[in-house]
Structures are given as structure tokens and as C-alpha cells.
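All residue numbers in this chain count up from 1 along the given sequence. No experiment lies behind these values; they were computed from the predicted model shown.
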Amino acid sequence: MADTQAAAPPARRHDTREAVLFGGVYGSVLACSMVAALTQYGHTSRDSRRYDAAWLLVTALASALAHGYAHYIAERTPHRRGDALRTLADEWPLVAAVVPTVVLLAGAGWGWWPANGVEYAAFALNISLLFTLGLVTARWSHRPWLTAVTIGAVDAMLGVVVVVANAVIK
């Protein structure tokens, strides 16, 4: 007699491009939000910029861990040894997306450039990253150039919303 129980489907692995887009967008928006929150009260000393860089990196790592853990427990399939670590490792694009902003803030803290006003460079950097991620991902999917530019612009608008919200809240 044939076995009527179907084997559990293997856990869905995220495509690398999908992970880069998701993690990149999430990380860039996170970086914009953290820079806005950390500079809200006008602390622009070199010490505060090093502090900001450290907090941004800690927040990105915590977000990646939380997101990876959520994926791991949400999959209702049996897990093999090492699946948890692989799931967490899949979150590298989120952390990688905040590294340029961490370097920008840390560089201001180390005196490589002025600490005052570096948040505007961080906003511009992350909005550019968001646009580029949207554009490149759309082109990877063989979308027409106009569509790809539109998707990039929509992604960039996520960063612009954070910047505008920061300006309104201040």
C-alpha cells in the first residue's frame, strides 16, 4: 500500500538577490532612521558620532538576529543541525547595508571629516543606496529601464520619508 503521507517540503531558501534587496532596503532604511533618531538633539561632537556608529552597528546586528530567528521559528518543518546558523547567516545583507553609514559616522568620530552635519551625508548615502538597490534588482529581473528607474525611485522615497519625518518631528 502506498504511503499517503506526503513528505514535508524542504524549507524555502531565500534567493540571494531577494535577500540582498530585502536586507539592503531594510538596512538602509534602518540606517536613515537611526541617524535621524541619534542626531535628534543636535549632539555633533566626535564622541557622539563614535557612539552613533556603535549604536547603529549594534541595532543592525540585533535586527538581523531577530529577523533570522523569526524566520527560523516561523518555518514549521523539521530542522537539521546547523539550520539556525544558516538562517542567521542569511541576514548578512541587512548588516552589510548599514556598514557604509557606520564608517561615515565613525570616520566623523575619528576626525576624518567634520562631525557636524555628517547626518546629511548619511541621509544622501542611504537614499542613493536605496535607489541603486531598487534599480539593480529590477534590472536583474529583466524589467525595462523605465520600470527599473521607477522602482529605484520608490525605494529611494522610503529614505526620503525618514528624512522628511525627521525634519517635521524636530
For a side chain to side chain contact (heavy atoms under 4.5 Å, CB included) check, start with the C-alpha distance between Leu65 and Glu91, then their side-chain angles and the critical distance, and finish with the verdict.
CA-CA 8 Å; Leu65 285 171; Glu91 299 302 321; over 6 Å; no

Run the side-chain contact (heavy atoms from CB on, under 4.5 Å) test against Ala97 and tell me which residues pass, sequence neighbours left out.
Ser28

Would you please name every residue forming a side-chain contact (heavy atoms from CB on, under 4.5 Å) with Thr59, sequence neighbours left out?
Leu30, Met34, Trp55, Ser63

Side-chain polar contacts of residues 102-112 - donor-acceptor pairs under 3.5 angstrom, sequence neighbours left out - could you list them?
none

Could you walk me through whether Asp52 and Val35 satisfy the side chain to side chain contact (heavy atoms under 4.5 Å, CB included) test, starting with their C-alpha distance in whole Å, then the side-chain angles of each, then the deciding distance to 0.1 Å, before giving a yes or no?
CA-CA 7 Å; Asp52 293 349; Val35 168; over 6 Å; no

With Phe22, which residues qualify under ring pair (Phe, Tyr, Trp, His ring centres under 6.0 Å), at least two apart?
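Scan of Phe22 (ring pair (Phe, Tyr, Trp, His ring centres under 6.0 Å), adjacent residues dropped) gives Tyr26, His67.
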
With clusters defined by side-chain heavy atoms of hydrophobic residues (ILVMFWY) lying less than 4.5 Å apart, directly or transitively, does [Y] cluster with [X]?
| X | Y | value |
| --- | --- | --- |
| Trp140 | Leu21 | no |
| Val163 | Val160 | yes |
| Val161 | Val25 | no |
| Val168 | Leu38 | yes |

Pairs involving residues 145-154, ordered by first then second residue, that meet side-chain hydrogen bond (donor to acceptor under 3.5 Å, both in side chains) (sequence neighbours left out):
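Qualifying pairs, neighbours excluded: none.
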
How close do [X] and [Y] get, counting heavy atoms only, and between which atoms?
| X | Y | answer |
| --- | --- | --- |
| Ala60 | Val98 | CB-CG2, 3.4 Å |
| Ala36 | Val162 | CB-CG1, 4.5 Å |
| Leu56 | Ala31 | CD1-CA, 3.8 Å |

Cut-off 3.5 Å, no hydrogens considered: what does the side-chain donor-acceptor table look like for residues 124-135, sequence neighbours left out?
unit_1: Asn126; atom_1: OD1; unit_2: Thr101; atom_2: OG1; d: 3.3
unit_1: Asn126; atom_1: ND2; unit_2: Thr101; atom_2: OG1; d: 2.8
unit_1: Asn126; atom_1: ND2; unit_2: Ala122; atom_2: O; d: 2.8
unit_1: Ser128; atom_1: OG; unit_2: Ala124; atom_2: O; d: 2.8
unit_1: Thr132; atom_1: OG1; unit_2: Ser128; atom_2: O; d: 2.9

Nearest 0.5 Å please: distance from the OG atom of Ser45 over to the CZ atom of Arg50.
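Here the interatomic distance stands at 7.5 Å.
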
When rounded to the nearest 0.5 angstrom, what distance separates CG in Leu57 from CG in Leu61?
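Atom-to-atom, Leu57:CG and Leu61:CG are 4.5 Å apart.
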
Compare all side-chain heavy atoms of Val118 with those of Arg49 and state whether any distance is below 4.5 angstrom.
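They are in side-chain contact.
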
